[in-house]
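Heads up: the structure comes next, in structure tokens.
Here is how names work: the chains are called A, B, and so on, in the same order as the sequence lines, proteins then strands, and each is numbered from 1.
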Number of protein chains: 2
Amino acid sequence: MAKHYPDLSLLFHALADPTRRSILTRLAERPARVTDLAGPTGLRLPTVMRHLSVLEEAGLISTSKDGRIRTCAIVPEALDPARTWLDEQRAIWEARLDRLDAFVMNVMKERAE
Amino acid sequence: MAKHYPDLSLLFHALADPTRRSILTRLAERPARVTDLAGPTGLRLPTVMRHLSVLEEAGLISTSKDGRIRTCAIVPEALDPARTWLDEQRAIWEARLDRLDAFVMNVMKERAE
DNA sequence: ATAATGCTTAGCCATGTCGCTAACTATCGC
DNA sequence: GCGATAGTTAGCGACATGGCTAAGCATTAT
């Protein structure tokens with residue numbers, strides 16, 4: 001139990017930055033070139049490049065270069081590990097709450113007797 | 001549209017550290033004292049304290065002090081914004097994939113004629 | 001009252017992050 | 001070829017992060 005998820009840190013870290021999240025939602029509409037992505041952010045190209053490489057290392061986007069143009073696209077299944085972890089946690093956390101509920105109910109029942 | 005989620009950065013950042021995730025799963029079983037949490041990590045108390053304050057600022061745990069003992073507990077609903085965001089993204093991303101599918105199908109259909 | 005326990009604060013160090021500019025490379029359009 | 005365009009690399013500065021030690025404080029146990 002307690003799986004090891006080596007890439008969760010990369011994934012969550014990539015998602016922790018608002019600029020990167022906005023790039024992702026931008027890419028969700030359609031693939032885009034680096035310059036197109038830089039535009040709305042107001043950031044310089046090298047800065048955006050860095051964000052893109054963080055996203056790519058986290059597996060969230062894939063890029064390919066055609067001529068002088070690099071096109072970026074989302075990798076939809078990349079979010080799965082994060083979703084899975086969150087779901088697992090929620091399940092465990094809620095199970096604990098249920099046990100707590102049961103305990104409280106028991107105490108109340110005993111008191112009522 | 002495109003909600004603003006001010007705390008998503010804090011949340012994802014808190015989740016991006018393996019030590020903090022392990023503290024969370026530890027707390028999922030039952031509330032614990034600071035020293036109890038420090039034990040398994042092999043880290044010093046001040047270091048653990050810092051992690052705990054990051055978790056608390058992200059709203060993932062709540063702590064209370066009784067005498068000299070501080071007890072930490074998870075805040076189950078704290079994961080919701082992260083889950084919601086992930087779900088929204090997946091929905092958008094998949095919608096795009098569906099449109100892409102439709103487009104490809106159309107092209108194939110036209111070619112077949 | 002004193003000692004042990006549990007936490008907290010202050011501060012140090014190494015490293016990582018996020019922005020920038022400047023300069024460089026590689027295409028594309030003419 | 002030459003200039004404009006698109007991206008890349010190198011390196012800087014300010015600040016955040018994650019670890020530590022040392023010292024302090026408050027509470028509990030003896």
> How do A/D66 and A/V54 order along DNA chain C: which one's closest nucleotide is nearer the 5' end?
Replying inline: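 On the 5' side of the pair lies A/V54.
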> Taking C-beta and beyond as the side chain, do A/E57 and A/V54 meet within less than 4.5 Å on heavy atoms?
Replying inline: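 A side-chain contact under 4.5 Å is absent here.
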> Does B/R33 make a side-chain N or O approach to OP1 or OP2 of C/dG6 shorter than 4.0 Å?
Replying inline: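 Affirmative; the distance criterion is met.
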>> Distance criterion of 3.5 Å, no angle test: do you see the side chain of B/R68 paired donor-to-acceptor with the base of C/dT5?
In response: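 Flag set: donor-acceptor pair detected.
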Go through [options] for me and flag the one nearest to the [X] side chain.
X: A/R44; options: D/dG7, C/dC20, D/dG18; value: C/dC20
X: B/P46; options: C/dT21, D/dG18, D/dA22; value: D/dA22
X: B/K65; options: C/dT8, D/dG18, D/dG7; value: C/dT8
X: A/M49; options: D/dC20, C/dT8, D/dG7; value: D/dG7

Rounded to whole Å, please give me the gap between [atom1] in [X] and [atom2] in [N].
X: A/H51; N: C/dC18; atom1: NE2; atom2: C1'; answer: 6 Å
X: A/I69; N: C/dT25; atom1: CD1; atom2: C1'; answer: 16 Å
X: B/L52; N: C/dT9; atom1: CG; atom2: P; answer: 13 Å

>> Using the side-chain contact (heavy atoms from CB on, under 4.5 Å) criterion, which residues pair with A/T63? Sequence neighbours excluded.
In response: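 Partners of A/T63 under the side-chain contact (heavy atoms from CB on, under 4.5 Å) test: A/E56, A/I61, A/R70, A/C72.
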>> Within the 3.5 Å criterion, strictly below it, is a donor on A/S9 or B/R21 matched to an acceptor on the partner's side chain?
In response: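 Note: A/S9 and B/R21 side chains meet the donor-acceptor criterion.
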> Any donor and acceptor pair, going by atom type alone, linking the side chain of A/R20 with main-chain N or O of A/H13 inside 3.5 Å?
Replying inline: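 Such a contact is found between A/R20 side chain and A/H13 backbone.
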